Amino acid sequence: MLSVKGLKANVGDKEILRGLDLEVAPGEVHAIMGPNGSGKSTFAHVLSGREGYEVTAGSAMLDGTDLFELDPEERARLGLFLAFQYPVELPGVNNMYFLKAALNAIRKSRGEDEFDAVSFMRLMKEKLKVLHLDDSLLKRPVNFGFSGGEKKRNEIFQMAMLEPKLAILDETDSGLDIDALRIVADGVNALRSPERSMIVVTHYQRLLDYIEPDYVHVLAKGQIIRSGGKELALELEEKGYGWIVDGEAA
Amino acid sequence: MSAIPAEAITAESKADTVGQYDDLVNAGYEHGFVTEIESDTLPPGLDEGVVRAISARKGEPEWMTEWRLAAYRKWLEMPTPTWAAVHYPPIDYQAISYFSAPKKKEGPKSLDEVDPILLETYQKLGIPIEEQKALAGIAVDAVFDSVSVATTFREKLHEAGVIFCSISEAVQDYPELVQKYLGTVVPPTDNFYTGLNSAVFTDGTFVYVPKNTRCPMELSTYFRINTPNTGQFERTLIVADEGSYVSYLEGCTAPQRDENQLHAAVVELIALDDAEIKYSTVQNWYPGDENGKGGIYNFVTKRGDCRGHRSKISWTQVETGSAITWKYPSCILRGDDSVGEFYSVAVTKGRQQADTGTKMIHLGKNTSSTIVSKGISAQHGQQAYRGLVRIAARAEGARNHTQCDSLLIGDKSSAHTFPYIEVKNSSAKMEHEATTSKISDDQLFYCRARGLSEEDAVSMIVNGFCKEVFNELPMEFAVEAQKLLSISLEGAVG
Ligand SMILES: Nc1ncnc2c1ncn2[C@@H]1O[C@H](COP(=O)(O)OP(=O)(O)OP(=O)(O)O)[C@@H](O)[C@H]1O
Ligand SMILES: [Mg+2]
């Protein structure tokens with residue numbers, strides 16, 4: 001599914017990603033943990049094509065397609081989805097309208113029929129149920145005036161609607177209350193399938209109680225310095241990062 | 001065809017709000033003119049003989065001729081607009097021809113001869129081919145000349161007693177009405193351009209809605225017949241008698257070409273007791289080719305008079321064209337409890353300049369006005385919003401709400417807001433809000449990460465920004481306006 005090799009990326013003169021490798025097979029869920037500022041969001045942004053980052057080495061292939069050859073929207077149409085750590089507000093742009101436009105842009109690029117209003121509403125109702133999302137949010141402008149938790153849930157709702165191949169969830173759990181965390185996790189789990197992979201960036205083992213990862217990676221100083229099963233997350237919860245990060249530096 | 005260099009104009013204007021509200025109108029033109037406009041009918045130049053000749057060509061009655069002449073004589077005494085930063089010679093009014101017969105023969109003979117960019121826009125707007133020809137100035141055949149549509153339209157209006165015709169016809173057929181109302185809202189002496197327009201206007205629209213009548217349909221110039229070429233000095237007069245309602249749509253979303261670069265129109269609206277006029281404009285004058293050549297200079301004086309108690313006038317406008325736009329649709333709130341509204345979206349890109357705004361003059365008691373102005377500036381586009389709200393001493397209990405929002409795309413565009421407020425009655429309630437925002441990279445990336453193209457993202461954000469104004473437009477017009485906005489901002493990012 002995703003194959004990242006030797007990825008290096010700069011912001012300005014500063015090297016943030018310093019040779020990152022990651023292989024994600026179809027159906028797998030990978031958790032990425034790591035200290036603040038270690039490059040987790042940067043990695044997510046570089047994969048989804050955000051401007052402002054310079055890839056200096058390495059490659060990232062999604063199902064054999066070189067992501068770095070594509071514009072952000074082309075990557076999205078290929079099936080890459082990023083749930084933002086800080087979802088962006090779009091004042092005046094109706095949430096439902098936005099989602100329909102996005103969905104149809106993706107479908108169109110694949111040569112599929114665009115959804116009309118009726119079939120779109122039907123799909124939306126279906127997905128809303130799973131996420132226990134209040135449908136009043138759909139009538140409001142995208143993320144505008146949403147609470148932190150509402151924004152995160154809206155991201156997951158978008159993911160459910162767009163049905164990506166590979167979803168990257170960047171700290172979707174932070175800012176969620178316990179009930180919301182459950183709901184989001186249920187939503188994510190409902191989307192797990194043998195064809196769909198996920199990368200879950202989180203600081204908290206708690207999320208991984210709900211979304212059980214196949215692998216856990218530690219990202220520090222721009223590299224994946226340790227990988228393991230879900231028990232690694234427990235160990236990190238207990239001991240912090242110091243023991244691995246310092247060990248690596250030594 | 002005349003050509004004006006795109007960079008022909010820069011001028012900082014200062015608006016003097018002391019004294020007459022007219023001062024605002026007179027203040028600060030942005031100008032520069034380097035051309036002569038050819039004529040096939042009357043030779044260039046303006047004198048009493050030319051004014052008489054225009055009147056004679058139109059077979060006008062004596063009183064109309066005299067009215068024009070009086071306007072002309074006053075115009076002669078009016079100071080030519082002064083340019084703050086004169087890099088270009090002022091307009092030579094003696095070089096303009098004031099009566100041109102429709103120049104059908106000189107237009108392009110087929111679509112092959114039309115600016116391909118213009119054609120592309122027509123296609124994107126989904127305009128039928130025959131209509132494209134008409135817009136591009138090509139003589140159209142009888143198929144498109146949908147007389148049947150226009151005829152049914154007229155019959156319906158006739159049943160309701162609504163008069164909707166060209167102003168020339170009105171002068172012939174309804175002289176009492178024209179004489180009673182023409183020039184009572186915008187007097188010929190109002191400003192330089194209204195003086196000129198009053199002397200030489202060639203055509204325009206007349207609407208009269210009788211008492212207690214709700215006009216059965218939206219009136220649109222599109223369906224107006226017998227007015228092949230309204231020309232550069234257009235005159236519109238709309239009168240809503242007591243208790244009546246009319247909605248009028250002006251303009252066209254397709255870029256309109258015109259051989260005349262200077263447009264100085266006058267629009268007068270009169271609402272009597274309990275009457276309401278809704279005037280919507282979607283204007284997309286040709287802004288010029290890719291070098292900005294051939295763009296329209298649009299200097300319009302639009303004013304509504306809420307003459308009766310509880311009357312209401314709303315201006316809604318979406319402006320995307322023109323090389324230079326200079327207009328301030330205004331309301332005089334004369335009747336007690338009268339209401340004035342102004343909703344505007346103006347887009348400037350490339351080298352376009354827009355200087356727009358409104359004036360709300362509160363004279364009656366408990367009058368209220370609402371101003372919502374949305375300015376979008378992309379590339380090198382520049383725009384200024386000027387708003388004057390005046391509360392007269394006798395306007396007890398007047399209220400105004402003004403909201404002025406600017407959206408910048410890219411970092412070379414600019415927008416400025418100049419609110420002027422004069423309050424002479426302490427009971428007035430005034431609210432003013434102004435914001436300037438930019439389409440952020442974060443917003444664009446967010447949209448793109450969801451599969452939307454950059455252009456779709458921009459148009460979505462821009463449409464969201466303009467929503468409050470679009471909501472005021474009649475449904476089909478709103479849809480067209482949205483489409484138009486998207487098209488006019490294509491390629492404006494980056
Ligand atoms: N646009 C930028 N300009 C300058 N530095 C940047 C920029 N973007 C990221 N960085 C720096 O890159 C480093 C990695 O940031 P990143 O956001 O990827 O960290 P993170 O692992 O997601 O952290 P957190 O856990 O706090 O979300 C940080 O030191 C950050 O300051
Ligand atoms: Mg982060």
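Note on naming: letters A, B, ... go to the chains in the order of the sequence lines (proteins, then strands), and numbering restarts at 1 for each one. From a predicted model like this one, the values you see are computed outputs, not experimental measurements.
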Item to complete: Search all heavy atoms of B/Phe445 against all heavy atoms of A/Gly49 and return the closest pair with its distance.
Response: CE1-C, 3.7 Å
Worksheet entry | Within 6.0 angstrom of A/Asp66 CG, more than 12 heavy atoms from elsewhere | yes
Practice prompt. Could you tell me the separation between the CZ atom of B/Arg450 and the CE atom of A/Met161, rounded to the nearest 0.5 Å?
Written response: 13.0 Å
Worksheet entry | Nearest heavy atoms of A/Ala76 and B/Ala449, plus distance in Å | CB-O, 3.4 Å
Worksheet item: Quick one: what part of A/Gln158 sits under 4.5 Å from any heavy atom of chain B, side chain, backbone, both or neither?
Response: side chain
Discussion item. Would the distance check show the side chain of A/Arg50 and the main-chain N or O of B/Tyr446 forming a donor-acceptor pair, the cut-off being under 3.5 Å?
Written reply: no
Worksheet item: So what's closer than 4.5 Å to chain B heavy atoms on A/Asn143: side chain, backbone, both or neither?
Response: side chain
Worksheet item: Which distance, rounded to the nearest 0.5 Å, do you find between the CZ of A/Arg77 and the OG of B/Ser453?
Response: 6.0 Å
Discussion item. Are there over 12 heavy-atom neighbours, none belonging to A/Phe68, within less than 6.0 Å of that residue's CZ?
Written reply: yes
Worksheet item: Which of the residues A/Leu82, A/Asp71, A/Leu103, A/Ile106 is involved in the greatest number of heavy-atom pairs with chain B at under 4.5 angstrom?
Response: A/Leu82
Discussion item. If you count heavy-atom pairs within less than 4.5 Å of chain B, which of A/Pro72, A/Pro91, A/Gly52 leads?
Written reply: A/Pro72
Worksheet item: Nearest heavy-atom pair of A/Ala105 and B/Gly451: which atoms, and what distance?
Response: CB-O, 3.4 Å
Worksheet item: More than 12 non-hydrogen atoms from neighbouring residues, nucleotides or ligands closer than 6.0 Å to CZ on A/Phe120, yes or no?
Response: yes
Worksheet, complete the sentence: Okay, B/Cys466 and chain A: the region with an atom under 4.5 Å from a heavy atom over there is neither
Fill in: Separation between CG of A/Leu90 and CG of B/Asp442, rounded to the nearest 0.5 Å
10.5 Å
Fill in: Under 4.5 Å from a heavy atom of chain B, the part of A/Phe98 involved
both
Practice prompt. Grab the two heavy atoms, one from B/Met460 and one from A/Val93, that are nearest each other, plus how far apart they are.
Written response: O-CG2, 3.4 Å
Worksheet item: Step by step, would you call B/Arg448 with A/Glu51 a salt bridge (Lys or Arg N to Asp or Glu O under 4.0 Å)?
Response: CA-CA 11 Å; B/Arg448 297 177 77 187; A/Glu51 279 171 38; 3.8 Å; yes
